[in-house]
Amino acid sequence: MYLRILLGVDSLVDLVKMLKKYNQEHLLGFYDELDEDGKTNLISQIKGIDFELISELYEMAQKGSDEKTDPSDIQPMAYTDKDEISSVNKDRYKAIGRKICENGEYAVVTMAGGQGTRLGHTGPKGTFDIGIGKSLFEIQCERIRNMGFNVPWYIMTSKENDADTKAFFEANNYFGYDKENIIFFTQRMLPMMLENGRIVLEEKNRIKEGADGHGGIFRAMIESGVLDDMKRRNIKWIFTCGIDNVLTRPDDLLFLGYVSEKGSMIGCKSLVKRGPCEKVGVFCKVKGRPSVIEYTEISEEMANLRDEKGNLVYGDAHILLNLFNISVFEKMGGRGLPYHVAFKKTDYINEKGEKVLADKPNAYKYEAFIFDAFSYFDDIAILRVKREEEFAPVKNKEGEDSPKTALELYLNADK
Ligand code: UTP
């Protein structure tokens, strides 16, 4: 009855018809049991979904992502090894970076909209403490604060963790940083889907949605007004990073100076893969365009290819530490990047209305990747850095890339 009042009879009929067409009628399976708020929220979620897009993405997920890029389309990509830069040039780059900051032309964007499913921490990942009495947010804030330039710090969240993230900053007095210079914005969400193609109901009144990947940053910066805000502030260079690498250096003036001096619109840090089998994306050129190719998309032969010195030819990993000229965001505009499929763990309500607890990945999540933007540009400047100095990610609860490994690396590195 309520549904009829909310939508009008025609819309109700249309909605049910539309859900049937896409085989998603289970979304209203418990509608009659819901209170008024629950009904309103569920309907508004359904109305926000692009079902055509979701069907296409499901088809793509079914096909799998094992397709390899044609080896003849792939070439190695040039890079600069930080260790091989002379100390005179290092000083010069740092001076250039410092000038950019003094002019107020530098900003940081931390992408913290992910779900952190592997870590399994309750609450936004940035609130996690690896065992040093500081959250991941605080570690990053300290480095930006210690630069002494009042750098604007933008934090990308998702609908799922935005309120908790803001509350955490408020409760921690913004870690002593100027509140005016911390700006939150949210990215788009997409519904998750079970293997049978059904959109996940996480509660009877709620669809499970996930942030649309770190590649969602381009759209989100425009839709939220962040790009306009940056232009108002005369920002020229934007460092983007995730929240889960405790050795992220948003305060790296050398990197800033190096990229701007090279005249590239995009700069990326890379590090040498642990070996041919490490599951990371590597820099290369595909059909002459700068790219990052996923480990699933490169042939075994190419992953193992070595040069005359015995180094991997495709061995420079992308580690989500990138610097963009503001013109990149202008050029990308509201353009959406292609979606990739991830397989994640999520609890759900089954057709009988029972909660099913997932103990292994069981649902598709669709994500755009920030590095898919690289191919829109002629060249990018890659600075190879050392793993032990710049990369200590917190991904898994235990084992590799866990709080334990990150803590060890953090304690041994320069703060
Ligand atoms: P990951 O891809 O490692 O994902 O994100 P995650 O959400 O942290 O963890 P899992 O895969 O669910 O276990 C790398 C960085 O990109 C951000 C994350 O918050 C993290 O800082 N990210 C990821 C976003 O900001 N939005 C997204 O949609 C996805």
Side-chain angles (χ1 to χ4, degrees), residues 57 108-128 130 135-137 139-141 153-162 164-165 168 183-192 200 208-221 223-224 226 238-248 250 268-269 278-281 292 294-296 317-322 336-347 358 360-373 391-403 405-406:
L57 293 176
V108 175
V109 177
T110 298
M111 299 174 292
Q115 292 178 305
T117 43
R118 287 168 288 172
L119 183 63
H121 163 65
T122 332
K125 206 181 201 180
T127 65
F128 186 76
I130 56 168
S135 63
L136 298 175
F137 280 131
I139 294 175
Q140 223 167 80
C141 185
W153 185 21
Y154 298 85
I155 299 172
M156 184 167 85
T157 62
S158 69
K159 230 186 336 176
E160 204 176 1
N161 65 18
D162 184 62
D164 288 347
T165 303
F168 187 75
I183 305 106
F184 300 93
F185 66 106
T186 52
Q187 62 180 124
R188 285 194 188 183
M189 309 281 283
L190 286 170
M192 291 178 71
V200 175
K208 176 77 182 177
E209 293 181 283
D212 67 350
H214 40 62
I217 186 175
F218 297 102
R219 254 194 196 141
M221 278 187 37
E223 288 172 356
S224 63
V226 158
I238 299 129
F239 178 71
T240 66
C241 57
I243 189 55
D244 52 8
N245 171 8
V246 297
L247 295 183
T248 295
C268 307
K269 288 188 175 178
E278 191 183 359
K279 293 180 173 174
V280 286
V292 169
E294 281 289 26
Y295 62 94
T296 48
H318 173 260
I319 44 172
L320 207 59
L321 300 176
N322 301 317
L337 292 169
Y339 287 110
H340 301 253
V341 184
F343 202 46
K344 303 230 173 179
K345 217 165 65 169
T346 188
D347 300 341
K360 57 179 193 306
N362 60 340
Y364 297 122
K365 181 174 188 281
Y366 306 110
E367 295 190 353
F369 296 156
I370 194 168
F371 50 73
D372 279 332
F391 195 56
V394 185
K395 299 283 181 196
N396 307 306
K397 226 181 189 131
E398 285 161 355
E400 221 171 64
D401 298 338
S402 63
T405 57

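Positions are given from 1, in the same order as the sequence printed here. Every number for a ligand or one of its atoms is a count from 1 in the order of the listing.
- Near ligand 1, residues Met111, Ala112, Gly113, Gly114, Gln115, Gly116, Thr117, Arg118, Lys125, Met156, Gln187, Ala211, Asp212, Gly213, His214, Gly242, Ile243, Asp244, Leu320, Lys344, Lys395 come within 4.0 angstrom through at least one heavy atom.
- Between Glu209 and Arg188 no salt bridge is recorded (no basic side-chain N to carboxylate O distance below 4.0 Å).
- Using a 4.5 Å heavy-atom threshold, the side chains of Val341 and Leu57 count as separate.
- Screening residues 112-121 for salt bridge (charged side-chain N to carboxylate O under 4.0 Å, His left out), with sequence neighbours left out, gives no hits.
- Of the possible donor and acceptor atoms, one in the side chain of Asn362 sits under 3.5 Å from a partner among the backbone N and O of Thr346.
- The side chain to side chain donor-acceptor pair (under 3.5 Å) check on Asp244 picks up Lys125, Lys395, with sequence neighbours excluded.
- In terms of the side chain to side chain donor-acceptor pair (under 3.5 Å) criterion, residue partners of His318 (sequence neighbours excluded) are, by chain and number, Asn322.
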